[in-house]
Undergrad: 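Have a look at this one before I ask anything.
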Amino acid sequence: MKTITDVPRGECSQCWHHAHASRQAHAHLAPREDCPDCVDHLHNGHPTNLIAK
Ligand SMILES: [Zn+2]
Ligand SMILES: [Zn+2]
């Protein structure tokens, strides 16, 4: 069984997981509400330690 934890190289693992793997990461948000974690990355960039190598 293929796990969905394999983040493509160069992708931010947090954003990738939020977008593809763990929809429940946004389940607590209202439909138009922004995810603080994703917004933080959007404005400040993705921490290099989260970028898949
Ligand atoms: Zn990110
Ligand atoms: Zn998010």
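Keep in mind that what you see is a predicted model, and the values were worked out from it rather than measured. Remember, it's 1-based here, ligands and their atoms both numbered in the order they're listed. Every heavy atom of this structure was used, including side-chain atoms; hydrogens, water molecules and symmetry mates were not.
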Undergrad: For Arg9 and Lys53: C-alpha separation, side-chain torsions, deciding distance, then whether side-chain contact (heavy atoms from CB on, under 4.5 Å) applies.
TA: CA-CA 5 Å; Arg9 190 175 178 174; Lys53 299 184 201 65; 5.5 Å; no

Undergrad: Among Asp40, Leu42, Val39, exactly one meets side-chain contact (heavy atoms from CB on, under 4.5 Å) together with Asp34. Which residue is that?
TA: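 It is Val39, the one option of Asp40, Leu42, Val39 that forms the side-chain contact (heavy atoms from CB on, under 4.5 Å) with Asp34.
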
Undergrad: Can you list the protein N, O or S atoms less than 2.8 Å from the Zn ion (ligand 2)?
TA: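 Correct list: His18 ND1, His26 NE2, Cys35 SG, Cys38 SG.
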
Undergrad: Can you tell me, to 10 degrees, how wide the angle at the Zn ion (ligand 1) is between ND1 on His41 and ND1 on His46?
TA: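 Value returned, to the nearest 10°, is 110°.
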
Undergrad: Do the side chain of Gln14 and the main chain of Asp37 share a donor and acceptor less than 3.5 angstrom apart?
TA: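 Yes.
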
Undergrad: State, yes or no, whether a side-chain contact exists between Cys12 and His17 at a heavy-atom distance under 4.5 Å.
TA: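 Not touching, per the 4.5 Å side-chain cut-off.
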
Undergrad: Whether the side chain of Ser13 engages the backbone of Leu50 through a donor-acceptor N/O pair (distance < 3.5 Å, no angle test) should be reported.
TA: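 A pair under 3.5 Å: yes.
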
Undergrad: Kindly compute the distance separating NE2 (His18) from SG (Cys38), expressed to the nearest 0.5 Å.
TA: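 If we round to the nearest 0.5 Å, His18:NE2 and Cys38:SG are 5.5 Å apart.
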
